[in-house]
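Computed from heavy atoms alone, side chains included, the values below leave out hydrogens, waters and symmetry copies.
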Amino acid sequence: MEVPLTGGEYDLLVALVDRANRVLTRDMLLDLLRGRQAGPFDRAIDVAISRLRRKLEDDGRHAQLIKTVRGGGYVLAATVERA
């Protein structure tokens, strides 16, 4: 099924797919996507992950694809095969 994504959502998904099954911190994701460090109250990545989950998963509260690692960050919990 085709899912329309914004440019930012697409970039976030690519970053997660390229590093599937690896925990990525907010700082790492912000650096990869925007070239900057997160501030202590910066929730931009959390909001972007939430939007991406809503578009890719049926139930964002019980995420299976993009998982939250408490105190760590986020991980794409999927097997990625490259053609």
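In the hydrophobic clustering of ILVMFWY residues, with side-chain heavy atoms under 4.5 Å counting as a link, L32 and V23 come out apart.
The CG atom of L5 sits 6.5 Å away from the CG atom of L52 when rounded to the nearest 0.5 Å. Remark: T68 OG1 to I49 CD1 distance equals 7.5 Å, nearest 0.5 Å. Put simply, CD1 on I45 and CG on L29 are 5.0 Å apart, with the number rounded to the nearest 0.5 Å. Atom-to-atom distance recorded for M1:CE and L56:CG is 9.0 Å, nearest 0.5 angstrom.
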Throw together a table of side-chain donor-acceptor distances under 3.5 angstrom for residues 8-20, partners on residues two or more places apart or in other chains.
{"unit_1": "E9", "atom_1": "OE1", "unit_2": "T6", "atom_2": "N", "d": "2.9"}
{"unit_1": "E9", "atom_1": "OE1", "unit_2": "T6", "atom_2": "OG1", "d": "3.4"}
{"unit_1": "E9", "atom_1": "OE1", "unit_2": "K55", "atom_2": "NZ", "d": "2.7"}
{"unit_1": "E9", "atom_1": "OE2", "unit_2": "K55", "atom_2": "NZ", "d": "3.4"}
{"unit_1": "R19", "atom_1": "NH1", "unit_2": "A15", "atom_2": "O", "d": "3.2"}

Show the atom names and distances, to 0.1 Å, of all donor-acceptor pairs under 3.5 Å that link a side chain in residues 69-83 to residues at least two apart or in another chain.
{"unit_1": "Y74", "atom_1": "OH", "unit_2": "D46", "atom_2": "OD1", "d": "2.4"}

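Judged as a side chain to side chain contact (heavy atoms under 4.5 Å, CB included), and not counting sequence neighbours, the contacts of S50 are R54.
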